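Report on one structure; see the data block that follows.
Just so it is clear, the structure is predicted and the values come from calculations on it, not from any experiment. Heavy-atom basis, side chains included; hydrogens, waters and symmetry copies ignored. Every chain is numbered from 1 and lettered A, B, ... according to where its sequence line falls, protein lines coming before strand lines.
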Amino acid sequence: MQKLLHNLNPEQLAAVTLPAQSALILAGAGSGKTRVLTTRIAWLIQTGQVSPSGILAVTFTNKAAKEMQARLSAMLPINTRGMWIGTFHGLCNRLLRAHYRDAALPQTFQILDSQDQLSAIKRLLKANNIDDEKYPPRNLMYFINSAKDQGLRAHEVDAYDDFNRKFVQLYELYDQQCQREGVVDFAELLLRTYELLSRNQPLREHYQARFSHILVDEFQDTNDLQYKWLKIMAGKHSAVFAVGDDDQSIYAFRGANVGNMMAFEREFQVQNLIKLEQNYRSHGHILDSANTLIANNSKRLGKNLRTDAGHGEQLRVQEASSDLQEAQWIIEETKSLIAEGAARSEIAVLYRSNAQSRVIEHALFSAGIPYRVYGGQRFFERAEIKHAIAYLQLMDNPHNDSAFLRVVNFPTRGIGARSLEQLQDAARQYGISLYAAVPYVAGKAGSSLGAFIKLIEGTRFETQNLPLQEMVQVVLDASGLLPHYRNEKEGADRIENLEQLVSAAMLFVSEEGFGIDAPALVGPPAQAVAGAAVTTGDGVEIIDADAPLATIMSPLSAFLSHASLEAGDNQAQAGQDALQLMTVHSAKGLEFDAVFITGLEEGLFPHENSQQEQGGIEEERRLMYVAITRAKKRLYLSFSQTRMLHGQTRYNMKSRFFDELPDEALKWLSPRVQQHHWSAHTAKAAWVDAPQAGANAIAQKISSKGIGWKIGESVSHQKFGEGVIVNIEGGGGNPRAHINFGRHGMKLLDLGVAKLEKVARA
DNA sequence: GGGCGCCAGTTTTTT
DNA sequence: ACTGGCGCCC
């Protein structure tokens with residue numbers, strides 16, 4: 001016990017040892033949040049207040065769940081794999097597998113990832129002759145997901161006009177289609193579980209009684225449905241330990257509702273609100289900057305980080321003349337950091353949007369500095385892997401039409417659009433799946449489709465006694481995938497990936513406790529399930545969805561869930577010591593000795609689209625707060641006068657966030673550049689990219705006449721503040737300039753009338 | 001059925 | 001500037 005609690009600061013200790021009541025822990029960046037969460041679990045178990053089976057710990061990402069499990073294993077002499085620690089979706093999957101009948105799902109229901117969901121929606125629109133120009137599939141998908149994320153079924157959605165009524169109707173049809181096919185999307189996993197518990201009293205009471213302690217990580221990221229889910233899981237008596245940071249709420253765009261923190265405080269009668277404000281990560285100037293910046297937000301729960309680390313270095317600010325020069329500057333600074341002995345993996349380059357990485361990557365590549373970009377394509381999202389998975393899905397659940405369509409003619413086997421149309425007509429007519437409709441298709445189409453069915457069923461028969469990894473190997477060959485890619489010139493990488501799928505299957509069965517000999521298609525023996533049966537007070541027998549997975553599903557079903565729920569590494573391969581490149585969003589939760597925050601310009605960061613959104617600027621500010629608090633020792637901030645975006649040169653102003661940082665924490669590396677001389681790059685860009693060369697000729701003439709305004713120049717206006725001249729038009733007596741005033745927008749001002757001043761440069 | 005060419009879109013992302 | 005998706009043509 002002593003050992004468990006030693007080295008906790010007073011707030012952390014208080015949080016860990018709170019009585020069994022609901023509590024809200026406001027955990028600032030770098031305040032030891034994960035440590036508190038895991039130590040709390042360990043403490044509850046070690047003091048005998050709860051057994052491991054009485055704990056439910058929920059996270060958002062698999063990575064966080066794994067880390068929690070690993071840390072807990074290190075603290076306690078128990079096997080944590082059987083514990084209910086997981087993501088919302090992973091835990092729902094487990095519950096729905098165990099209670100598939102009560103949830104009205106087939107035992108082998110399959111999970112659609114976002115790609116699958118979109119293609120399912122496109123298929124739905126086609127089947128119903130809906131104009132996808134008028135009702136774009138992506139918009140419909142967003143509509144359906146946000147309804148589900150609020151816990152709303154189609155009939156519960158308010159439709160206030162014809163357009164929305166159509167969406168509601170399509171939502172309803174979409175759910176019917178999913179049900180027919182035996183598939184669920186991500187949001188459905190949660191909604192279905194929520195509905196299962198709200199309708200099934202014995203089940204609800206069973207789990208409510210079982211989980212006396214529920215712990216939630218990153219609570220500020222919960223959406224409305226997740227909050228409802230937690231409420232129903234908790235019931236009246238469970239203690240919910242919610243850990244979060246309202247200042248790091250950066251996912252409103254995908255439905256996260258920070259308001260859940262306030263609602264939680266109220267609805268769970270939180271007596272214990274503990275703030276973890278001691279920061280163990282960043283030096284003083286970095287922390288001061290973060291605090292000063294975030295103080296500009298209203299509607300905060302209120303929190304101020306402090307450190308014992310001393311001021312440390314100032315933040316180094318660089319104004320670049322172009323995005324290319326910004327990249328070059330990053331190279332120079334990186335080189336000197338490395339020369340000072342910094343590890344490349346301890347240096348991160350952050351940007352607001354992915355498009356910004358290209359220029360930086362290019363520069364790093366030329367300079368021969370190894371780097372790693374986060375956010376690439378993930379293993380289970382690769383086309384060849386999705387194809388292989390589709391064959392496996394058909395063997396487990398032939399009514400998955402998405403899987404059917406993906407591979408029915410891949411590799412090509414003479415089944416064209418014509419045949420598929422016939423098949424789809426038949427399926428529609430009888431209200432059955434494509435697979436089931438094959439016997440209704442006559443002629444040549446019917447026979448080639450029949451051959452496909454034979455392929456699936458033959459492979460299923462052939463592999464029925466084989467363990468998963470061997471089944472996968474057989475499927476790769478029998479499906480023709482491996483032969484296909486062997487014949488392809490650029491197929492080598494794909495073959496390598498497919499072979500990795502076999503290893504992934506092998507690893508999966510051994511890690512999840514299936515045993516490497518267990519037949520892939522065979523579910524748990526009846527006794528094993530019966531062994532987990534629980535009888536409630538009402539005498540209702542309930543099969544408890546207890547871990548491990550092997551007790552509730554077959555290796556194949558489990559592996560297919562795993563493929564959907566855990567798409568694999570989102571980051572480039574680890575290994576070599578490399579510079580870390582990522583968006584600010586993906587940097588959340590990480591820390592580095594040195595951090596570059598790049599592209600700090602109005603329109604980019606804060607992003608222009610956030611201007612229109614309710615609370616958008618505050619979210620951008622929280623994003624900036626997240627970015628700043630990633631740095632331990634050194635922080636670089638940069639912005640550029642010009643930037644290539646969507647094939648056009650943009651002239652941005654420096655970000656308003658600079659005005660929100662404490663002067664004493666900033667060290668300006670570049671005296672702001674005198675713009676009276678055009679740098680070669682700027683001049684060239686302006687000439688080449690201007691809509692009409694004439695405008696520039698005029699601008700040139702005007703300036704040569706002594707009026708002196710030039711494109712790219714910074715000016716100041718009494719009302720609009722600082723701006724950048726983006727273009728000049730109309731020579732003669734009436735020259736006018738397009739000026740980007742950042743947050744005040746683009747203005748067209750008459751240069752003869754407007755009172756503009758040149759911005760004095762240091 | 002595959003390949004080429006045009007057009008639209010282009011903030012952030014996990015499950 | 002680039003990409004991905006779709007449609008048309010061979």
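- No engagement by A:Asp185 is indicated, since no non-hydrogen atom pair under 4.0 Å with the nucleic acid exists.
- Summarising the geometry, the separation between CG on A:Leu96 and P on B:dT15 is reported as 18 Å, rounded to the nearest angstrom.
- A:Glu361 and A:Tyr371 share a donor-acceptor pair across their side chains, judged by distance under 3.5 Å alone.
- The main-chain N or O of A:Phe219 is found under 3.5 Å from a side-chain atom of A:Thr222 such that the two form a donor-acceptor pair.
- Taking atom NZ of A:Lys63 as the reference point, atom P of B:dT13 lies 14 Å away to the nearest angstrom.
- A side-chain N or O of A:Asn93 and one of A:Arg97 form a donor-acceptor pair less than 3.5 Å apart.
- Between B:dT13 and A:Asn354, a contact under 4.0 Å exists linking OP1 or OP2 to a side-chain N or O.
- Positionally, the nearest nucleotide of DNA chain B for A:Ser610 lies more toward the 5' end than for the other of A:Ser114 and A:Ser610.
- Less than 6.0 angstrom separates the ring centroid of A:Phe88 from the ring centroid of A:Phe60.
- Rounded to a whole Å, the CG atom of A:Asp149 is 13 Å from the C1' atom of B:dT13.
- At least one side-chain nitrogen or oxygen of A:Arg378 sits closer than 4.0 Å to the OP1 or OP2 atom of B:dT15.
- Phosphate contact (OP1/OP2 of B:dG1, side-chain N/O of A:Asn409, threshold under 4.0 Å): present.
- Counting to the nearest Å, the C1' atom of B:dT13 and the CG atom of A:Asn223 are 13 Å from each other.
- The existence of a salt bridge linking A:Lys148 and A:Glu188 is confirmed by a sub-4.0 Å separation between a basic side-chain nitrogen and an acidic carboxylate oxygen.
- Atom OH of A:Tyr251 is separated from atom P of B:dT14 by 6 Å (rounded to the nearest Å).
- Nucleic acid contact class of A:Leu118 (heavy atoms, under 4.0 Å, all strands): none.
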Expected rows: protein N/O vs nucleotides 2-10 of chain C N/O, under 3.5 Å:
unit_1 : atom_1 : unit_2   : atom_2 : d
C:dC6  : OP1    : A:Lys122 : NZ     : 3.3

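- For B:dT12, the base is stacked against the aromatic ring of A:Phe253, per a cut-off of 5.5 Å between centres and 30° between planes.
- Residues A:Phe452 and A:Val407 share a closest heavy-atom pair of CE1-O, 3.7 Å.
- The A:Glu620 side chain lies nearest to B:dT11 when the options are B:dT13, B:dT15, B:dT11.
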Only distances under 3.5 Å count here; give the side-chain donor-acceptor pairs of residues 248-258 of chain A to other protein atoms, sequence neighbours excluded, each with its distance to 0.1 Å.
unit_1   : atom_1 : unit_2   : atom_2 : d
A:Gln248 : OE1    : A:Arg630 : NH2    : 3.3
A:Gln248 : NE2    : A:Asp245 : OD2    : 2.8
A:Asn257 : OD1    : A:Gly259 : N      : 2.8
A:Asn257 : ND2    : A:Asp224 : OD1    : 3.0

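- For the pair A:Ser564 and A:His585, both in contact range of DNA chain B, the more 5′-proximal nearest nucleotide belongs to A:His585.
- Residue A:Phe88 is out of contact with every strand shown, counting any heavy-atom pair closer than 4.0 Å.
- Using a 4.0 Å heavy-atom distance criterion, A:Gln117 is classed as making no nucleic acid contact.
- Counting to the nearest Å, the C1' atom of B:dT15 and the CG atom of A:Leu191 are 15 Å from each other.
- For the pair A:Ser586 and B:dT12, the criterion of a side-chain N or O lying under 4.0 Å from OP1 or OP2 is not met.
- Proximity of the aromatic rings of A:His99 and A:Tyr207 is defined here by a centroid distance below 6.0 angstrom, and this criterion is met.
- Ring-to-base geometry does not place A:His89 in a stacked arrangement with B:dT15 (centre distance under 5.5 Å, plane angle under 30° required).
- B:dT11 atom P lies 8 Å from atom CD of A:Glu608, rounded to whole Å.
- Distances were taken from every side-chain heavy atom of A:Arg254 (C-beta onward) to each of B:dT11, B:dG1, B:dT13; the shortest belongs to B:dT13.
- Taking atom CD of residue A:Gln115 and atom C1' of nucleotide B:dT15, one finds them 13 Å apart after rounding to whole Å.
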